[in-house]
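Worksheet for the structure shown next.
These numbers come from a predicted model, not from an experiment.
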Amino acid sequence: LPTALTFSWEAPPGTLIGQSAKSAVSLVGYEFSIAGEGEAYGPVSVVSAKSATKNGLDPSQTYRWQVAAIQNDGQLTLSETFRFTTQGETSARVGPEDLVYIGAFLTPEPLPWAPDAETWEWGGMGMTYNPDGDAESPPDGFPGSIFGAGHDVWNLISEFDIPTPVLSRRKNINDLPLSRFLQPFTDIRGNLFPWVEEMPRMDIELFPSGPSRTPGQLVACWGVHLQDEHEYPTHMVFNSDLNNPNPQGPWFVEGLNPYNGNDYLFSIPEDWADEYVQGLRFATGRYRDGGWSGFGPTIAAINPWRNGNLPLARTVLPSVILLKYSDYYEGEPDPWHEMDGYAHSDEWSGGVWVRAGSKEAVVFVGTKGIGNTWYGNPDGPCMDCENRGWWSDAFEGWFLFYDPADLAKVAQGTLQPWEPQPYAHLNIDEHLFYITSTQQKYHVGACCYDSENHLLYVFESGRGEEERTLVHVLSLIHI
């Protein structure tokens, strides 16, 4: 961030007036002037050297400056006007180079007689890290446990431990350690969301740690692929004791349509939440293909416990919108605001707020459409065909990085919710086990973050007996 700059110039003596006086002319000093674009020049600085320093420059500001050479005959010769723009404010941002891949492990083995609902096939739509889980585990550097969602038709929730991940260079699941159940699969919805049936969307998040923490409770969000009505609430709370989930809610979220608030949940750091969003500790959002949720991911800050106790069922939870692009939900948008590189075929399936040392970022995980995009099947545009949906020439598993400083500006009203843009991405396909074609969708599922040990966990869904759902582990370099 430049708060001071030094300006320099050249002005050879005796070359700035008429030929008849050349032999008698010399330069005795300079008048330096600078002002913001559109502003009048302030007091002139008179200097004898061919340079001047200006302090207190504002970030992201365009300035103009000029120099007048003072001759010994009293005349001034003015330079042309120069312009420049100072660098914008930047935070210490996590970049792709700060993430190191460690390895992976398998989700627990289902019981042989378990129904499909209690398996991991196509699982991994929701997950959250529990720092207090598996308290008796050995000190292997991977403490805690994970609450995760199983088969994506039912999305039952279980808790499992975290074995030491293994790097399998041949990508053989037989090389990977097996986690074990700490709590078996449980229906945490009760009767709150009877309308959640076809192609569900969901996520979970443990109430984050801090002085105001309510231990042992989690937030969940629910949606479906086709959900055009506002009449359905989307969020709930349940107990971490899965023998007694005690579902509470459901609630709506202020400022969101049915498609952009109910597919991912993650914690907002307490100090940031207190400073910018009135203590709203959860980020919720959704990305639905085709632009119905928005032309990019959405983030709204919420907190069911904002007033201490949980609200009555069907209450509208207050929110602060931190990221929201234009969408198709109410027709063709005008004006049109989209994420850089947006494609209708994108799928952002999870998000985390990562911090390590002085660096931080909001990271979305998902599958990015590459090249041309169309509605139809993998072969091209069509309406009367199987596998109909949004397709692209290719798909890649991505981490997408946003700057929390930009989200802070949105909260403060100095940026609009559609103005923040991702500053980097990381293609993670080289670490995935089940990518068999360039047009394969759904590379990764949900994610969660261990903020104490700076570990990022990401689901990769298995799609049958030969593909077991697994968890990838990356470490964030602590700087």
Side-chain angles (χ1 to χ4, degrees), residues 125-126 201-205 219-228 230 232-235 251-268 272-273 276-277 280-303 316-331 333 335-353 361-369 390 398-404 406-411 413 415-423 425 446-447:
M125 189 175 291
R201 298 290 185 270
M202 63 84 61
D203 199 7
I204 55 176
E205 180 68 9
V219 179
C221 61
W222 295 89
V224 293
H225 182 66
L226 294 175
Q227 186 180 332
D228 290 340
H230 278 283
Y232 297 125
T234 54
H235 286 66
W251 307 293
F252 301 91
V253 175
E254 176 188 36
L256 299 179
N257 74 39
Y259 290 116
N260 56 17
N262 49 358
D263 192 13
Y264 45 79
L265 279 164
F266 55 93
S267 300
I268 299 173
W272 198 99
Y276 296 110
V277 290
L280 304 179
R281 295 292 310 280
F282 294 93
T284 190
R286 176 177 174 182
Y287 179 89
R288 184 202 187 275
D289 61 353
W292 288 88
S293 62
F295 307 139
T298 299
I299 298 175
I302 63 169
N303 189 350
V316 178
L317 300 178
S319 73
V320 175
I321 304 299
L322 299 175
L323 184 65
K324 187 175 182 292
Y325 301 100
S326 304
D327 62 69
Y328 273 139
Y329 181 68
E330 296 181 352
W336 184 295
H337 302 293
E338 69 178 30
M339 180 190 81
D340 291 345
Y342 165 80
H344 279 330
S345 59
D346 295 344
E347 289 280 354
W348 302 111
S349 51
V352 285
W353 193 304
V362 170
V363 181
F364 290 99
V365 307
T367 307
K368 183 76 184 71
W390 288 100
W398 274 25
F399 291 175
L400 195 66
F401 297 76
Y402 277 81
D403 191 343
D406 290 338
L407 306 184
K409 292 177 183 178
V410 174
L415 283 182
Q416 295 297 322
W418 57 80
E419 291 188 273
Q421 294 290 343
Y423 60 85
H425 78 270
C447 60

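- One distance of note links CG of L322 with OG1 of T284; it measures 11.5 Å at 0.5 Å rounding.
- No donor-acceptor distance shorter than 3.5 angstrom exists from the side chain of D406 to the backbone of K409, with no hydrogens or angles considered.
- Here the side chains of W251 and V219 are not in contact, with every heavy-atom distance at 4.5 Å or above.
- Of the possible donor and acceptor atoms, none in the side chain of T234 sits under 3.5 Å from a partner among the backbone N and O of F252.
- Judged as a ring-ring contact (aromatic ring centres under 6.0 Å, His included), and not counting sequence neighbours, the contacts of H425 are W398.
- Of the residues M339, K324, H337, the one that meets the side-chain contact (heavy atoms from CB on, under 4.5 Å) test with W418 is H337.
- When side chains are defined from C-beta on, L323 does not count as touching T298, because their heavy atoms never get closer than 4.5 Å.
- At a threshold of 4.5 Å between non-hydrogen side-chain atoms, the residues R201 and W222 do not count as touching.
- Considering only heavy atoms from C-beta on, P420 comes within 4.5 Å of V410 through its side chain.
- In this model, a donor atom of one side chain and an acceptor atom of the other lie less than 3.5 Å apart for R286 and N262.
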Side-chain atoms of residues 290-297: list all donor-acceptor pairs with protein atoms under 3.5 Å, sequence neighbours left out, distances to 0.1 Å.
residue: S293; atom: OG; partner: R288; partner atom: N; Å: 2.6
residue: S293; atom: OG; partner: R288; partner atom: O; Å: 3.4

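- Using a 4.5 Å cut-off on side-chain heavy atoms (C-beta onward), D203 and D263 make no contact.
- Within the 3.5 Å criterion, the main-chain N or O of D340 finds a donor-acceptor partner in the side chain of Q421.
- Minimum interatomic distance between G366 and S349 (heavy atoms only, all atoms of both residues): CA-OG, 3.8 Å.
- Residues V362 and F401 fail the side-chain proximity criterion, which asks for heavy atoms closer than 4.5 Å.
- Applying the salt bridge (Lys or Arg N to Asp or Glu O under 4.0 Å) rule to D289 yields no partners; only residues at least two apart in sequence or on another chain are considered.
- Legend: residues meeting side chain to side chain contact (heavy atoms under 4.5 Å, CB included) with A343, ordered by chain and number and at least two apart, are S345, D346, K368, T373.
- Atom CZ of residue F266 and atom CZ of residue R281 lie 12.5 Å apart, to the nearest 0.5 angstrom.
- Between the side chains of E338 and S326, not a single donor N or O lies within less than 3.5 Å of an accepting N or O.
- Evaluation of the ring-ring contact (aromatic ring centres under 6.0 Å, His included) rule for W390 yields H344, Y375 as partners, not counting sequence neighbours.
- When all heavy atoms of S267 and W353 are compared, the pair lying nearest together is O-CB, 3.4 Å.
- Minimum heavy-atom separation, P318 to L280: O-CD1, 4.3 Å.
- Side-chain contact between L400 and P422 is present, with heavy atoms from C-beta onward closer than 4.5 Å.
- F364 meets the ring-ring contact (aromatic ring centres under 6.0 Å, His included) test with Y264, Y402; sequence neighbours excluded.
- Using a 4.5 Å cut-off on side-chain heavy atoms (C-beta onward), H235 and V253 make contact.
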